[in-house]
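Notes follow once the structure below has been shown.
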Amino acid sequence: MPSLLYISSILLATSSATVTCLYFFHRSLEHRIHHEFHHGELPASVAAIVSLPSEVSRGECRTFYDHASRRVARKLLPAQKLQDLFTLLLRRNMTAFSRFPQAWMLRLTVAPVARRTFHASHIQSIQFQDGEIVCGVYRVQERTHNKAVLELLFEGEVSGRLIIRCWEDGEEVVFCTETIMWTRKILSGQRKRVIVPLENPVLRFLHEMAAWWLIDSGVTYLLDLKGDPPLLEEHPR
């Protein structure tokens, strides 16, 4: 029978190897995308989001902002309209996210009826219009031809938005994902300080890996459609 020391050594080695792999994977992604992180004042590009509560824009909350983007030459993408490619990206990325460990944990927190929103058949059928829900806790608040703003339906004192958008910049197209999280500032006399996930180093690291990989692999997915782009149509639910 293996000794406790032997088992402990195996577990430690496995854990160390996993952490090392995750670290280098994170570094690899960091070199392939443009990344920004802000604590405090929001960039002008997101401060004007219509569905953002006024108290956030007025600076009454502790805010955290994460940005990841990748640009690619327009000629390398399928010849379809950019707005159609954007919808394909939304469907692909949210379907991929539905298989993440984070998504499986979210399944446990939502009502049974909401678990169907994690199904690929559901995600592939929607147009990401106002009010539609995907992966249980993401509700579409704004939708244009090149932008989708999803409200994070968290319980508790932390709120947030996931913004996915794209735009043409000369002969290139920029695909971008942004996450905003906030909570009210501590008022005089209050002792409790709410921790926002993006200010926790471990949770922020895991968020960055997920968000960066999704935007990176999502763009690669579109590039791979160059020779055989799928028809974009709304499927029956």
Side-chain angles (χ1 to χ4, degrees), residues 25 28-36 43-46 48-51 65-100 103 116-135 138-151 161-180 207-237:
F25 181 59
S28 175
L29 288 170
E30 191 174 22
H31 290 143
R32 294 202 298 271
I33 64 170
H34 173 71
H35 172 250
E36 296 177 21
S45 61
V46 297
I49 294 294
V50 174
S51 67
Y65 167 81
D66 180 79
H67 165 111
S69 60
R70 179 182 169 184
R71 55 177 64 231
V72 62
R74 179 64 176 95
K75 66 181 180 181
L76 298 179
L77 293 166
Q80 289 171 279
K81 294 179 181 179
L82 188 56
Q83 64 188 59
D84 290 341
L85 294 178
F86 180 62
T87 299
L88 289 173
L89 178 74
L90 290 173
R91 289 176 173 176
R92 182 269 170 192
N93 278 11
M94 295 310 294
T95 299
F97 173 77
S98 71
R99 305 187 184 105
F100 279 24
R116 62 178 293 273
T117 64
F118 290 87
H119 297 169
S121 58
H122 169 79
I123 300 171
Q124 294 296 320
S125 73
I126 64 175
Q127 297 290 328
F128 289 82
Q129 297 300 329
D130 291 358
E132 291 183 319
I133 295 179
V134 60
C135 292
Y138 296 90
R139 180 169 59 200
V140 181
Q141 290 283 67
E142 299 178 44
R143 178 71 156 98
T144 65
H145 69 283
N146 69 337
K147 179 179 69 178
V149 179
L150 284 66
E151 177 185 9
R161 296 289 186 276
L162 171 64
I163 306 163
I164 307 171
R165 57 194 179 102
C166 67
W167 64 89
E168 294 189 76
D169 184 12
E171 297 182 353
E172 296 182 314
V173 178
V174 181
F175 294 92
C176 171
T177 179
E178 299 158 293
T179 303
I180 311 170
H207 166 81
E208 288 175 346
M209 279 204 307
W212 297 1
W213 181 83
L214 283 170
I215 199 66
D216 183 58
S217 61
V219 172
T220 299
Y221 162 78
L222 294 180
L223 293 173
D224 289 343
L225 296 178
K226 175 72 172 179
D228 187 24
L231 295 175
L232 184 66
E233 57 185 19
E234 185 171 357
H235 304 286
R237 301 188 186 184

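Residue numbers run from 1 in the order of the sequence given.
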inquiry  = I need the minimum non-hydrogen distance between Phe86 and Ile164, along with the two atoms involved.
reply    = CZ-O, 3.1 Å
message = Could you go through Cys166 and Leu89, starting from their C-alpha distance and side-chain angles, then the distance that decides it, and tell me whether this counts as side chain to side chain contact (heavy atoms under 4.5 Å, CB included)?
response = CA-CA 10 Å; Cys166 67; Leu89 178 74; 6.0 Å; no
query = Val140 pairs by side chain to side chain contact (heavy atoms under 4.5 Å, CB included) with which of Asp130, Val149, Ile133, Val134?
reply = Asp130
message = Check this for me: Gln129, atom CD, are more than 12 non-hydrogen atoms of other residues, nucleotides or ligands nearer than 6.0 Å?
response = yes
Distance-minimising heavy-atom pair for His35 and His67 = CD2-O, 3.1 Å
inquiry  = What I want to check is whether the side chains of Thr144 and Arg165 have a donor and an acceptor closer together than 3.5 Å.
reply    = no
Beyond-backbone contact of Leu214 with Thr177, side-chain heavy atoms, under 4.5 angstrom = no
ask   = CE/Met94 to CG/Leu162 distance, rounded to the nearest 0.5 angstrom?
value = 6.5 Å
task = State whether Asp216 and Arg70 are salt-bridged, where the test is any N-O pair (Lys NZ or Arg NE/NH1/NH2 against Asp/Glu carboxylate O) under 4.0 Å.
result = yes
ask   = Hey, are the side chains of Gln80 and Leu88 touching, using non-hydrogen atoms and a 4.5 Å cut-off?
value = yes
task = Please determine, by modelled atom types, if Arg143 and Thr87 share a side-chain donor-acceptor pair under 3.5 angstrom.
result = yes
message = Tell me the closest heavy-atom pair linking Leu77 and Leu223, and the distance in Å.
response = CD2-CD2, 3.8 Å
Spatial distance of atom CZ (Phe128) from atom CG (Leu90) [nearest 0.5 Å] = 5.0 Å
message = Nearest 0.5 Å, please: how far is CD in Gln141 from CD in Glu132?
response = 12.5 Å
message = Could you walk me through whether Trp213 and Ile33 satisfy the side chain to side chain contact (heavy atoms under 4.5 Å, CB included) test, starting with their C-alpha distance in whole Å, then the side-chain angles of each, then the deciding distance to 0.1 Å, before giving a yes or no?
response = CA-CA 9 Å; Trp213 181 83; Ile33 64 170; over 6 Å; no
query = What distance separates Cys176 SG from His34 NE2, expressed to the nearest 0.5 Å?
reply = 8.5 Å
query = Which heavy atom in Phe97 sits nearest to a heavy atom in Cys135, and how many Å separate them?
reply = CD2-SG, 3.9 Å
inquiry  = Show the nearest heavy-atom pair for residues His207 and Thr179, with the distance to one decimal.
reply    = CE1-OG1, 3.2 Å
ask   = For the residue pair Glu168 and Leu82, what are the closest heavy atoms and their distance?
value = CG-CD2, 3.6 Å
inquiry  = To the nearest 0.5 Å, what is the distance between CZ on Arg92 and CG on Leu85?
reply    = 14.0 Å
query = Rounded to the nearest 0.5 Å, how far apart are CD of Glu151 and OG of Ser51?
reply = 7.5 Å
